[in-house]
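Accompanying notes for the structure given below.
Hydrogens, waters and symmetry mates are skipped; everything else that's a heavy atom, side chains included, is used. Quick note on labels: first sequence line is chain A, next is B, and so on, each numbered from 1.
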Protein chains: 2
Amino acid sequence: MIRTEETTVTRMAGDERRLQILRVAERLFSQKGFRGTTTKEIAQAAGVSEAMVFRHFATKSELYAAIIDQKACQGNLPEPSCVALEARERKDDYAVFYELTLLALNEHEQNPEFMRLLLHSALENHELSQMFFERFVVTIYESLGSYIAERQRDGVFRQMDPRIVVRAFVGMMIHHSLNNSLWDKERRLLNISNEEAAHSFAEILLRGVTI
Amino acid sequence: MIRTEETTVTRMAGDERRLQILRVAERLFSQKGFRGTTTKEIAQAAGVSEAMVFRHFATKSELYAAIIDQKACQGNLPEPSCVALEARERKDDYAVFYELTLLALNEHEQNPEFMRLLLHSALENHELSQMFFERFVVTIYESLGSYIAERQRDGVFRQMDPRIVVRAFVGMMIHHSLNNSLWDKERRLLNISNEEAAHSFAEILLRGVTI
DNA sequence: GTCTATAAATAGATAGAC
DNA sequence: GTCTATCTATTTATAGAC
C-alpha cells in the first residue's frame, strides 16, 4: 500500500468520504423520502459502490439517523433563544418578530432539504422527528412565549395564552415556507420577497396582539 | 355459478369490495406513504389476497390515484366558496374567519388521514398533489382574497396584498392542525379546543388587518 | 479504501384452479 | 370473486479480491 501525498488526491479520506455520502443521501432522502431512496441511488450519486456506503454506515437506517442527528443536534441551526436577542432587550416588538421571521424564511429557502427531511421523518413516525421537536420546537415556544408574557406584564400585549400567539406566528412563517417549497414552487399564488413576507407577518401579528 | 341471496352474504359485491380496499389503502398510505406501503399489507388489512387488489386496481399507482381522486375531487370536501357564506353577506368579519377556521380544524381532526396523504404526495412529487392545489387551494385564495379586498374597499381593512393576509390566516390554522397531528399528538405544547383556537386566530388576524 | 459479484429478502404483478 | 402459487425485478446487505 502506497502512502503518499497522491493517495489523498485520488482517494478520499475516510471522514471526507463519509461526509460526502451523508450530504448526497440527505439530498436524496429529502427529495424522495427514506423508503423512496435506494442505497444504490445514493452510491451512484456519490460516485462510489454500494459496498462503500455500507462500509461507512452499517445499515440504511443508520445513515438516515446520522443525517438527522447532524442537522438537528450538532448546532447547525441557530439557537432559537439567541435570535433577535438585541431587539428583545430593546423591547422592539416589531424587530423581534420581523428578524425571527426573516431568519427562518431565509434559512428555509436556502436549505429546503431539511424541512422536507423533517416532514418525511414526521410522516414516517421516525423517532428522530420527535427528537427534533423536543430539541428545537419546544425551545422556540419557551423562548418566544416568555417574551410575549413579559410584554403582557408590561401592559403592551393583550392577555391571552402566549403559546397561542406563538402558534399563530410560527404558523404564518412555516406555512409560507412549506407552501413555497412544496406546492407553489413557481410562486404563482403569491410571489413576494422574504423581507416583504416578514414585514407583513410581523405587522399582522403585532397589531393582532397589541392592546 | 350460483346466484342466490347467500352469495351476497359470504362474498362482497364488486363495488363494495373495491371501496373497502380503497379505504384500507387510504389509511395505510396516510400512515406510511405510498412507497412505504406494500400491496401485500393492503391485501392483508382488507382480508383478501393480493391478487384481489390487482383485480380491482391494475397497478399500485392506480389505487393511489383513485384515493386522491375520490378525496380531492368528488365533493368530499366542502366548497371553499360556500363556507361562511351567510357571515360573508352580513360582513361579519369575525364570524367569517371564526367559522372558516373551526370548519377546517374540525375537518382535519376528524380526518387526519387526508392531510397526511396530501403531504406524502407533495413530498413524493405526485402529480395529484398539484391537482389538489389547483382545485382547492387556489379556490380558497380567490374566495377569501376577494372578501378581504371587498372589506378593504369598504375602508374596514388596511391596504395590503389580500393574498398575504390569506397566507397568514391559512398558515395559522394549517400549522395548528399539522402540529397536532404530526408532532404534538399528546398536546403537550398547547392543549386547546378547536373553538378556542378558532377564536384566537380569528381575533389575532382581524385586529391585525383592521384599520 | 474501493471494487465486483452475489446472497437473501422483499417488492409488484400474473396465471390458473375453484 | 377469490384463492394459492409463482415469476420477475428490485433492494438491502455481505464476501472476498485488489
Modelled atom types, side-chain donor and acceptor of Arg17(B) and Gln20(B), under 3.5 Å
yes

Classify the side-chain pair Asn180(A)/Glu109(A) by whether it contains a donor and acceptor separated by less than 3.5 Å.
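Checked: Asn180(A)/Glu109(A) side chains show no N/O donor-acceptor pair below 3.5 Å.
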
Between [X] ([atom1]) and [N] ([atom2]), how many Å, whole number?
X: His56(A); N: dA13(D); atom1: NE2; atom2: P; value: 16 Å
X: Gln44(B); N: dT2(D); atom1: CD; atom2: C1'; value: 16 Å
X: Arg18(A); N: dT2(C); atom1: CZ; atom2: C1'; value: 18 Å
X: Phe57(B); N: dT2(D); atom1: CZ; atom2: C1'; value: 16 Å
X: Asp15(B); N: dG1(D); atom1: CG; atom2: C1'; value: 13 Å

Parallel, tilted or perpendicular: rings of Phe34(B) and Tyr64(B) (30°, 60°)
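Because their plane-to-plane angle lies in the 30° to 60° range, the rings of Tyr64(B) and Phe34(B) count as tilted.
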
Produce a footprint string for nucleotides 5-17 of chain C: one letter per nucleotide, 5' end first; B if the base is under 4.0 Å from any protein heavy atom, S if only the sugar-phosphate is, - if neither.
------SBBBB--

With a 6.0 Å cut-off on ring centres, are Phe201(B) and Phe169(B) close enough?
no

Given the side-chain rings of His108(B) and Phe114(B), with only the six-membered ring counted for Trp, is the space between their centroids under 6.0 Å?
no

Between Arg18(A) and His56(A), does the side-chain hydrogen bond (donor to acceptor under 3.5 Å, both in side chains) criterion hold? Intermediate values first, please.
CA-CA 6 Å; Arg18(A) 184 189 148 93; His56(A) 286 283; 5.7 Å; no

